[in-house]
Amino acid sequence: MPELPEVETVRRGLERFVVGRSMREVFVTGTRSVRRQHPDELVAALRGRRLDAARRWGKYLWIALAETGASPGPTAVLVCHLRMSGQLLKVSPPLAPPPPHTHVRFVLDDESELRFVDPRTFGELFVTDELDQAGRPAVLAGLGPDPLLDGVDARRLGELAARRRVSLKALLLDQKVLAGIGNLYADEICFAARLRPGRLVSSLGRAEVARLAAAIGDVLAAAVAARGSTLRDARYVDLLGEAGSYQDHHAVYGRAGEPCPRCDRPILQTRLVGRSAHYCARCQR
DNA sequence: AAGCACACCTGCTAGC
DNA sequence: TGCTAGCAGGTGTGCT
């Protein structure tokens, strides 16, 4: 499931292999992946545009568009969210036929193709020209700070935690609090912070909040360095189809019954805010 | 106001 | 062996 580290890895791939190219043609099939606007509108906004930059905020990804040749036209961006099963893949010639669940194809000016593949069709693409002063899509204004781009403010986190009656798991998953953490990294962060995912956040002490803030930054940075997590069943791969390696460093996620890497007691699995949660009852309080 | 359950999907897996 | 029910989860919506 693409979360911040996976989306960041895809972004870096776009920056390296796609930025600077132009879109020769765009093909949209099906009705699910482009649903905020008519596909014709998206195609018209993209055709002939140069891909100028790749940016990210939480799990949202976008590509800044520029006119080719002539003076810079009105700035617009192509926004993408991979949700559960979305992939952006760059395929160079000779072009294999698009795999099943390929919903959008961008033909680039070097004869390569960027593809949006998404079996579960939760992911989406849209074009917008409504940007804030920092050049971010205005529709994303509700997102909280990005832990990687903005850092984690322990004081703000502590103040938020003090006045909310939710579990730590729910707080970490709330994209208005911090943007980019999903179910997998929420569990890994809780383990690194030695806090149970079910802990009520209003009960956290100052030292515990400090541990939490540090763990958020540490876990996400390590996961980005490992190019994200590719699970057995999940289909996350980077722009060129390469798997990540952070799954080899998971302490708790998907490891129910296996020994805790710190104390050897079996990892427990439970259910919290409708999600699976994994933790060590001895190491996490 | 804020927290919660549910819908949206398809592929995989456990269990019969 | 073959079928099916259940599970996986990010976000938006609607209910309590």
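None of the values given here were measured: they were computed from a predicted structure. Just so we're on the same page: letters track the sequence lines, and every chain starts at 1. As a basis for the values below, the full set of heavy atoms in this structure was taken, side chains included, without hydrogen atoms, waters or symmetry mates.
Counting only distance, with no hydrogens or angles, the side chain of A:Gln284 and the backbone of A:Leu195 share a donor-acceptor pair below 3.5 Å. Judged by distance alone, with hydrogens and angles left aside, the side-chain atoms of A:Asp150 form no donor-acceptor pair with the main-chain N or O of A:Pro145 at under 3.5 Å. The backbone N or O of A:Gly58 sits less than 3.5 Å from a side-chain atom of A:Asp146, completing a donor-acceptor pair.
In terms of phosphate contacts, A:His101 brings a side-chain nitrogen or oxygen within less than 4.0 Å of OP1 or OP2 of B:dG11. In terms of phosphate contacts, A:Arg164 brings no side-chain nitrogen or oxygen within less than 4.0 Å of OP1 or OP2 of B:dC4. In terms of phosphate contacts, A:Arg165 brings no side-chain nitrogen or oxygen within less than 4.0 Å of OP1 or OP2 of B:dA2.
Taking atom CG of residue A:Asp118 and atom C1' of nucleotide C:dA8, one finds them 14 Å apart after rounding to whole Å. If you take CG of A:Leu200 and C1' of B:dA2, they are 14 Å apart, rounded to a whole angstrom. Look at CG on A:Leu82: it is 22 Å from P on B:dC8, rounded to the nearest Å. Whole-Å rounding puts the A:Asp174 CG to B:dA2 P distance at 11 Å. Remark: P of B:dA2 and NZ of A:Lys176 are 10 Å apart, rounded to the nearest angstrom.
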- Worked verdict on A:Asp174 versus A:Arg164 for salt bridge (charged side-chain N to carboxylate O under 4.0 Å, His left out): CA-CA 12 Å; A:Asp174 187 342; A:Arg164 299 213 26 194; 3.0 Å; yes

- Would A:His250 and A:Leu231 count as a side-chain contact (heavy atoms from CB on, under 4.5 Å) if you check the C-alpha gap in whole Å, the side-chain angles of each, and the deciding distance to 0.1 Å? CA-CA 11 Å; A:His250 291 177; A:Leu231 303 175; 3.8 Å; yes

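Counting any heavy atom pair closer than 4.0 Å across all strands shown, A:Tyr185 reaches no nucleic acid atom. Within 4.0 Å of A:Ser276, counting heavy atoms only, lie sugar-phosphate atoms of the nucleic acid but no base atom. Among the atoms of the strands shown, none is found under 4.0 Å from any heavy atom of A:Arg35.
In the model, A:Ser276 has a side-chain atom that pairs as donor or acceptor with a side-chain atom of A:Asn183 under 3.5 Å.
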Find every protein N or O atom lying less than 3.5 Å from an N or O atom of nucleotides 10-12 of chain C, and list the pairs.
| residue | atom | partner | partner atom | Å |
| --- | --- | --- | --- | --- |
| C:dG10 | OP1 | A:Asn183 | N | 3.4 |
| C:dG10 | OP2 | A:Asn183 | N | 3.3 |
| C:dT11 | OP1 | A:His81 | NE2 | 2.7 |
| C:dT11 | OP2 | A:Lys59 | NZ | 3.1 |
| C:dT11 | O4' | A:Arg83 | NE | 3.4 |
| C:dT11 | O4 | A:Arg275 | NH2 | 3.4 |
| C:dG12 | OP1 | A:Tyr60 | OH | 3.2 |

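Taking the ring-ring contact (aromatic ring centres under 6.0 Å, His included) definition, one finds that A:Phe191 meets it with nothing, sequence neighbours left out.
In this structure, A:Arg196 is not positioned above the aromatic face of A:Tyr279 in the sense of NZ or CZ being under 6.0 Å from the six-membered ring centre and within 45° of the axis.
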- Query: How is the base pairing of DNA chain C summarised as a dot-bracket string, given the Watson-Crick and G-U wobble criteria with both distances under 3.5 Å, [ ] for crossing and | for another strand?
  - Reply: .|||||||||||||||

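Between A:Phe116 and A:His103, the angle of the ring planes lies from 30° to 60°, which puts this pair in the tilted group.
With B:dG3, C:dA8, B:dG11 as the choices, the nucleotide that has an atom nearest any side-chain atom of A:Arg271 turns out to be C:dA8.
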